[in-house]
Amino acid sequence: MAVDLGHVKIWTIKKLPYFRTLILNMPVIETDKLPYIAAVDEDWRIYIHPRALKLSAKELGMILLHEASHCVYRHAKRGKVLAASDPQF
């Protein structure tokens, strides 16, 4: 049975209220085009593979927090800068 993303977001912000605004406002997009369970883009959208919806609310909540932290620490932007400065990156 698929987990309810609304329930997952509520669980997540109860665990880490600091991420409340971010978690509640980040769109979560389901796609089977990912080679892994989840990803985030530079526009602060979280992409999840359909198999992630089979995880428990706690497991998926931790994944959402992990992906949200990539946005907070600007990993997408830093990755672009690194890629531009190092052709082997």
Side-chain angles (χ1 to χ4, degrees):
M1 180 166 81
V3 67
D4 175 23
L5 279 174
H7 176 75
V8 171
K9 286 186 172 191
I10 296 301
W11 179 90
T12 304
I13 62 174
K14 283 182 178 180
K15 293 298 176 186
L16 284 172
Y18 176 78
F19 280 87
R20 179 182 183 182
T21 301
L22 179 59
I23 291 294
L24 291 177
N25 288 293
M26 287 183 81
V28 179
I29 301 159
E30 185 180 342
T31 179
D32 62 357
K33 294 181 175 32
L34 292 175
Y36 19 77
I37 199 90
V40 68
D41 69 13
E42 193 173 356
D43 294 319
W44 294 38
R45 292 178 291 232
I46 296 177
Y47 298 90
I48 59 170
H49 195 280
R51 71 179 179 261
L53 297 175
K54 296 177 183 171
L55 299 172
S56 71
K58 179 180 178 180
E59 291 168 323
L60 186 51
M62 294 305 294
I63 289 171
L64 291 183
L65 285 170
H66 174 87
E67 296 303 326
S69 70
H70 286 299
C71 294
V72 170
Y73 298 116
R74 299 178 181 214
H75 289 169
K77 187 172 187 167
R78 287 177 31 213
K80 277 188 170 182
V81 170
L82 285 171
S85 66
D86 183 357
Q88 293 183 354
F89 181 71

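A continuous path of Ile, Leu, Val, Met, Phe, Trp and Tyr side chains, each step under 4.5 Å between heavy atoms, connects Met26 with Val72, placing both in one hydrophobic cluster. Note: the hydrophobic cluster containing Ile13 also contains Leu5 (ILVMFWY, side chain heavy atoms under 4.5 Å, direct or indirect links). Linking Ile, Leu, Val, Met, Phe, Trp and Tyr residues whenever their side-chain heavy atoms come within less than 4.5 Å places Leu60 and Leu16 in a single cluster. By the criterion of side-chain heavy atoms lying less than 4.5 angstrom apart, applied directly or through intervening Ile, Leu, Val, Met, Phe, Trp or Tyr residues, Trp44 is grouped together with Leu65 in one hydrophobic cluster.
Heavy-atom minimum distance, Val40 versus His70: CG1-CB, 3.6 Å. What you find for Ile63 and Ala38 is that their closest heavy atoms are CG2-CB, 3.5 Å.
Side-chain contact between Leu24 and Phe19 is absent, with no heavy atoms from C-beta onward closer than 4.5 Å. Side-chain contact between Val28 and Lys9 is present, with at least one heavy-atom pair separated by less than 4.5 Å. For the pair Tyr36/His49, no side-chain contact is recorded, criterion being any heavy-atom separation below 4.5 Å from C-beta on. In this structure, Ile37 and Ile48 have side chains that are not in contact, with every pair of non-hydrogen atoms separated by 4.5 Å or more.
Applying the side chain to side chain donor-acceptor pair (under 3.5 Å) criterion to His7, with sequence neighbours excluded, gives no partner residue. Applying the side chain to side chain donor-acceptor pair (under 3.5 Å) test to Glu30 and every residue at least two apart in sequence or in another chain returns nothing. Taking Asn25 as the reference, nothing meets the side chain to side chain donor-acceptor pair (under 3.5 Å) condition, with sequence neighbours excluded.
With values rounded to the nearest 0.5 angstrom, Tyr47 atom OH is found 8.5 Å from Thr31 atom OG1. Here the straight-line distance linking atom NZ of Lys15 with atom NZ of Lys58 works out to 7.0 Å at 0.5 Å rounding. Rounding to the nearest 0.5 Å gives a distance of 5.0 Å between CD1 of Ile23 and CD1 of Ile46.
At distances below 3.5 Å, at least one donor-acceptor pair connects side-chain atoms of Asp41 with backbone N or O atoms of Asp43. Listed for the Glu59 side chain is a donor-acceptor partner under 3.5 Å among the backbone atoms of Ser56.
Remark: the Arg20 side chain and the Tyr18 side chain contain no N/O donor-acceptor pair separated by less than 3.5 Å.
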